[in-house]
Every structure is written in structure tokens, then in C-alpha cells.
Amino acid sequence: MTLIFDNPADFADEALDGFVAANRGYVARVDGGVVRSTEVPAGQVALVVGGGSGHYPAFAGLVGPGLAAGSACGNMFASPSAGQVYRVAKAANAGGGVLLSYGNYAGDVLHFGQAQLRLNAEGIDTRTVLVTDDIASAPIDQIGKRRGIAGDLTVFKIAGAAAEAGLDLDAVEQLARRANYRTRSLGVAFDGCTLPGAGEPLFHVPAGQMSLGLGIHGEPGISEHPLPTASELAELLVSRLLEDKPHDAGHRVVAIVNGLGTVKYDELFLLFGKVEKLLTAAGLTVVEPECGELVTSLDMSGLSLTLLWLDDELERYWAAPADTPAFRKGSLAPRARRELAGPAEAAASEDEETTAAAAALGRLAADLLAQVQDAVVEHEAELGRLDAIAGDGDHGIGMRRGVDAAAAAANDEAESGASVQRVLMAAGEAWSERAGGTSGALWGSAVLAAGMSLGNKVSYGSQDAASAVTAFVDAITALGQAEPGDKTMVDALLPFRDAFLAPSSGGASAAGALAAGAAAAKEAADQTASLRPLKGRARPLAEKSLGHPDPGAVSFALIAARISDYFTTELTDYSLLAESTAGNGAQA
């Protein structure tokens with residue numbers, strides 16, 4: 001069990017602070033994680049990795065020359081928020097673009113994806129390479145659905161070395177993708193891990209048994225087997241990985257035996273010796289292997305085997321020097337320390353000049369978010385009950401948590417005289433960070449996208465409104481990857497967009513276009529009752545969901561209706577309402 005802590009809720013942050021204190025020659029603390037504390041050549045690609053805490057040396061321990069430029073660090077086994085990823089990437093960026101790389105988990109995909117959208121919108125070329133090495137999590141013909149475990153190391157090392165060598169973002173991304181495709185892992189557990197403050201492990205393995213195919217977030221394996229001898233375990237791991245080798249595999253491999261927390265080094269070495277003999281007998285040459293704790297899961301009793309099939313280029317970058325707190329290879333010249341702006345300085349550098357007219361519109365944006373908040377609060381219990389039919393019942397709570405944070409952040413910005421852009425960006429970031437879950441990431445991303453689309457102006461026309469609606473929708477569809485008929489918010493969102501932008505709305509006021517969109521969203525949300533969910537947590541309980549509308553679609557329709565009502569009844573003084581949504585000169 002995890003015994004050393006004061007408050008379990010502060011465990012991840014306090015552990016990260018202590019890690020930085022012990023490694024100031026390598027890393028510096030920034031809001032959301034860590035970045036290199038040493039100079040980075042101008043124009044170098046910044047590899048930014050990350051994920052939940054509890055996996056040391058991944059992820060913060062891999063920050064340094066020859067490897068990552070920064071790491072976004074979430075709570076225990078929880079994705080970092082989009083805001084954390086964004087701030088770490090901004091601090092790590094050296095002008096050559098950013099490559100985000102992390103394990104393929106839903107929360108990470110959403111939050112890193114939201115950060116990527118924001119970085120790209122600001123002109124920082126940002127790409128993503130997901131790590132998908134775990135062969136137990138999906139068959140080889142669905143390799144894109146596999147999760148990332150200890151194969152994080154091979155992908156990060158190849159990408160980091162390529163960036164250190166001065167390759168451009170296109171080349172670094174291509175090498176990372178190739179390394180990921182050629183990496184395979186399989187893990188076993190002998191017992192589960194225990195979160196700080198918890199009285200019991202996340203799972204137990206029966207005595208005399210072993211769990212095969214575990215994850216690194218406390219997920220149990222996919223099957224249980226009698227506890228094997230070391231030779232039998234080596235044979236099992238090696239044979240399964242060789243059966244799954246890439247189509248262009250050669251004869252030179254990196255082998256990594258990774259301890260997950262409590263399997264001791266002597267045991268890992270014993271197993272590695274048997275693995276190496278089996279690989280050699282299979283005609284493979286083992287190149288610069290690793291054996292130790294590299295991607296852990298707190299105090300989990302378990303281990304994994306990873307194989308990376310090399311080509312000449314991958315081998316060169318795997319062998320290249322690296323110097324980080326937890327992974328060192330070869331020799332690199334010492335680097336000078338650099339000065340990093342603190343959070344307050346960074347925020348001050350982004351201040352904008354806002355006119356009185358722009359500030360008034362910022363106040364309007366905050367007022368609209370207060371209306372969204374009222375709609376969610378009014379229907380919180382209803383949304384929770386609807387979600388509990390085929391989900392975990394937290395949609396109402398999550399929406400309330402997110403919109404409360406968003407409305408408060410928006411009001412604070414408006415009180416300081418901020419523009420629409422700053423108000424909505426603060427709201428979106430707060431929504432994402434406080435709500436958590438899929439809906440938090442999606443709503444936060446969409447509000448951020450709308451804010452970036454609207455910008456800092458003293459007036460807005462119909463084209464601005466259309467662009468903001470489009471940006472809002474595109475952010476959700478790009479991140480969530482849902483399509484019409486999947487029984488998600490998208491089933492109400494797209495009809496809203498289409499009705500708002502329809503040529504038939506061309507002669508209507510903005511209030512009229514909003515009313516048309518809200519009506520379309522309500523009708524579409526009701527119709528989701530006849531659908532079976534194809535995405536999200538409700539998918540395994542599709543039959544229970546039949547006859548009930550999707551909670552995400554319903555909450556969006558309720559919010560659209562509230563905003564439409566507010567425009568119709570409360571905002572008649574704004575001249576935008578009297579202008580045609582098809583016109584070019586409408587102002588507010």
C-alpha cells in the first residue's frame with residue numbers, strides 16, 4: 001500500500017513538487033507539469049509526453065536532452081486536463097513545433113486533442129502520435145484501438161532522439177509512428193495496486209493465479225492462469241509477442257522487461273535472461289535492451305515484456321544519447337540552465353488591450369454562460385437519472401461541475417473588462433479542468449474554439465456567428481469522433497448547426513436563427529430514444545438505452561433552448577437581433 005502522504009488528494013502534486021526539487025538540473029515546474037530546465041536549441045521540435053501520475057519513471061522522469069521536452073502530469077491514473085497540456089506545450093515549445101505523444105486512453109485522447117486544437121489555432125504546429133503497443137487490448141487488425149503501456153518508452157525515445165538530432169516536425173512524427181507500429185507489449189499481474197488513501201487494491205488476483213493482459217491504471221487482465229514458473233512465463237510472453245510481430249519485422253529487436261512496482265530487480269533480471277535465450281533461439285538479435293522499472297503502476301505486483309523491431313534508422317535513434325532523471329544513455333555535453341517565466345509572468349505577457357465596446361460584449365458572453373449554468377442546474381437531477389439508465393449516472397453532476405467553473409471564470413474575466421475571446425477561453429479551460437470526463441473535455445474544447453473564432457472585436461456580424469457555431473461543432477466532432485446515429489450529443493448538435501446556418505434562416509434575426517436551431521436540436525434529441533448507443537460507456541448496455549434519449553443530446557438541446565429564449569426575451573437592445581443573419585454588416 002501507499003503509506004507516505006498527508007492528504008491523499010494532494011499526493012500527485014506533492015510528489016511532483018518533490019521530484020522537481022530532487023532533479024532541478026533536469027526539470028523545472030510549470031503549471032500542469034514539468035519542462036526541461038536546460039537550454040533548448042531554437043527551432044527544435046518539442047516532444048511533449050504525459051498522462052496520469054503513478055507511473056514513474058513515466059512520464060516526468062523522461063524529460064531531458066535526447067528525450068522529452070516536457071511532460072503534462074495529471075492526477076493519479078487520470079489524464080492531465082487540456083489546460084495543463086496546453087500550458088506545458090507552450091512552455092516547452094522552442095519554435096520547431098510540438099509533437100504530443102501518450103498512451104491511447106479515452107481521457108488522454110480528448111484532453112491532449114483539445115490542447116492540440118488550441119495550439120494549432122495559435123499558430124504552433126502541433127501533431128499527435130498515440131502509443132498503441134498492448135497486444136491484449138485489441139486484435140492486430142484493430143491496432144489503432146490498442147492502449148499504450150510500456151511501449152511508451154520506445155516511441156518517446158525514438159521521437160526525442162530525432163528531435164535532438166534537429167529533424168523537422170514531419171520527420172519526427174513519421175519516426176514516432178514507425179516506432180509505435182513496430183512496438184508490441186504484453187503484461188501480467190500477480191496482484192493489484194492501491195491508490196493513496198485507499199484501503200484495498202483496485203483488484204485482486206486469486207492466490208496461485210496470474211492475470212494476463214493487464215493495463216497500467218489498475219485495470220485487471222483479460223484472463224487468469226495458474227501461476228507459471230519463470231521459464232513458462234518467458235515462453236508465454238515471447239511466443240505471444242512473436243505471433244503479433246509487424247509485417248515488415250526484421251531480425252534485430254529491443255527487448256524491455258518492465259517492472260510495474262513491486263517485482264524486484266533480481267526477479268526481473270532472472271526473467272530477462274530466459275527471455276533473451278528464447279529470442280536468440282528464434283533467430284533474433286537483441287540490441288541495447290532495458291530491464292527495470294520504466295513504466296510502473298504504483299505498487300502493482302506485475303511486469304511486462306516489450307519488443308521493438310528495429311530498422312537501421314530506428315536503431316540509430318534508439319542508441320542515441322539521452323540524459324534525463326530516470327533514463328540515461330551515452331554521453332551528452334552539459335547544457336546551460338535557462339530562465340522560465342512563472343505562471344503570473346506568462347499570463348501578463350498575454351494581456352490584450354480591450355476597448356469599452358469589446359468589454360461590453362465580454363460581459364454579454366459571461367451573461368450567456370450564466371444562462372447555460374441556470375439551464376444545467378435546473379435539469380441536473382433529470383440528466384443524472386437519464387444517464388443512469390445505461391451509464392454511470394454522472395452526466396448531470398459532471399455538467400454542473402463544469403458549467404459552474406466556466407461561469408465563474410467567465411464572470412471573473414468580464415469583471416476585469418475582458419473581451420469575448422478571453423471570457424470564452426477562460427470559461428472553456430475551466431470547464432475542461434473541473435468537469436472531467438468526456439463531456440467536460442468536449443464542452444471545454446467547444447467553448448474554447450468558439451472564443452478563438454470570435455476573437456477580440458468591438459462588433460460581430462452574421463459571418464462571425466456562423467463561424468463561431470461552426471468552430472464549436474467542429475471541435476466536438478473532431479475530438480469525440482462521433483457520427484450521426486451513434487447516440488451522442490452530435491445527434492442534436494448537427495441539426496442545430498444546420499438549422500442555424502440554413503438558407504431559410506437568411507432573412508431571420510439572430511434570435512430567429514437561434515430559435516430554429518434550438519427547435520431542431522430538441523426534435524433530434526427526442527429522436528435519439530430510438531437509437532442504440534455506438535459510443536461511450538452506454539454502448540455495452542445498448543438494449544437498456546432503447547426508448548430513452550441520450551443525456552448528452554438532451555443537455556445540449558436544453559442549453560440551446562435557454563440561450564434562444566434569452567436572446568428573444570432579454571437582449572432586444574442588441575442591434576444584432578434586428579439584423580439579418582445573412583447580412584454582412586450586423587453588429588452588436
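We use all heavy atoms of the structure for the numbers below, so side chains are in, but hydrogens, waters and symmetry mates are not.
Residues passing the side-chain hydrogen bond (donor to acceptor under 3.5 Å, both in side chains) test with Tyr181 are His247, sequence neighbours excluded. Considering only residues two or more places apart in sequence or on other chains, Phe5 meets the ring-ring contact (aromatic ring centres under 6.0 Å, His included) condition with none of them. Under the ring-ring contact (aromatic ring centres under 6.0 Å, His included) criterion, Tyr105 pairs with His217, sequence neighbours left out. Glu429 meets the side-chain hydrogen bond (donor to acceptor under 3.5 Å, both in side chains) test with Arg87, Arg118; sequence neighbours excluded. Considering only residues two or more places apart in sequence or on other chains, Asn104 meets the side-chain hydrogen bond (donor to acceptor under 3.5 Å, both in side chains) condition with none of them. Annotation: ring-ring contact (aromatic ring centres under 6.0 Å, His included) contacts of Phe156 (sequence neighbours excluded): none.
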Could you walk me through whether Phe190 and Leu227 pass side chain to side chain contact (heavy atoms under 4.5 Å, CB included), step by step?
CA-CA 8 Å; Phe190 311 114; Leu227 192 65; 3.6 Å; yes

So Leu260 and Val295, side chain to side chain contact (heavy atoms under 4.5 Å, CB included) or not? Walk me through it.
CA-CA 7 Å; Leu260 283 158; Val295 180; 5.9 Å; no

Would Asp152 and Tyr102 satisfy side-chain hydrogen bond (donor to acceptor under 3.5 Å, both in side chains), going step by step from the backbone distance to the final call?
CA-CA 7 Å; Asp152 285 348; Tyr102 49 92; over 6 Å; no

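Side chain to side chain, Thr132 and Asn180 meet the donor-acceptor criterion of an N or O pair below 3.5 Å. For Glu200 and Thr194, the side-chain atoms include no donor-acceptor pair closer than 3.5 Å. In summary, the side chains of Thr154 and Thr183 do present a donor paired with an acceptor at a separation below 3.5 Å, with no hydrogens or angles considered. Side-chain polar atoms of Arg178 and Gln174 form a donor-acceptor pair below 3.5 angstrom. With no hydrogens or angles considered, a side-chain donor-acceptor pair links Asp133 and Ser185 at under 3.5 Å. Side-chain atoms of Gln116 and Thr126 form no donor-acceptor pair, as typed in the model, at a separation below 3.5 Å.
Going from atom SG of Cys193 over to atom CG of Asp299 covers 6.0 Å, rounded to the nearest 0.5 Å. Atom-to-atom distance recorded for Lys145:NZ and Ile143:CD1 is 13.0 Å, nearest 0.5 angstrom. Taking CD1 from Ile158 and CZ from Arg177, the interatomic distance works out to 15.5 Å, rounded to the nearest 0.5 Å. Rounded to the nearest 0.5 angstrom, Glu290 CD and Leu294 CG are separated by 6.0 Å.
Lys245 NZ: 12 or fewer foreign heavy atoms inside a 6.0 Å radius.
Taking the side chain as every heavy atom from C-beta outward, Arg127 and Leu100 never approach each other to under 4.5 Å.
A donor-acceptor contact shorter than 3.5 Å is absent between the side chain of Gln142 and the backbone of Pro139.
Applying the ring pair (Phe, Tyr, Trp, His ring centres under 6.0 Å) test to residues at least two apart or on different chains, none of the pairs has a partner in residues 277-312. Pairs engaging residues 234-243 under the side chain to side chain donor-acceptor pair (under 3.5 Å) rule: none recorded [sequence neighbours left out]. Sorted by first then second residue, the salt bridge (Lys or Arg N to Asp or Glu O under 4.0 Å) pairs that include residues 62-76, not counting sequence neighbours, number zero. Identified under the salt bridge (Lys or Arg N to Asp or Glu O under 4.0 Å) test for residues 157-167, with sequence neighbours left out: Arg36-Glu164, Glu164-Arg335. Among residues at least two apart or in separate chains, side chain to side chain donor-acceptor pair (under 3.5 Å) pairs with a member in residues 9-25 are Asp17-Arg29.
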Please table the atom pairs, donor to acceptor, closer than 3.5 Å between any side-chain atom in residues 49-68 and protein atoms at least two apart or in another chain.
unit_1	atom_1	unit_2	atom_2	d
Ser53	OG	Gly74	O	2.6
His55	ND1	Ile216	O	3.4
His55	ND1	Thr296	O	2.7

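Under the 4.0 Å criterion applied to side-chain N and carboxylate O atoms, Lys487 and Asp550 are not assigned as salt-bridge partners. A salt bridge is defined here as a Lys NZ or Arg NE, NH1 or NH2 lying under 4.0 Å from an Asp or Glu carboxylate O, and Asp244 with Arg146 meets this definition.
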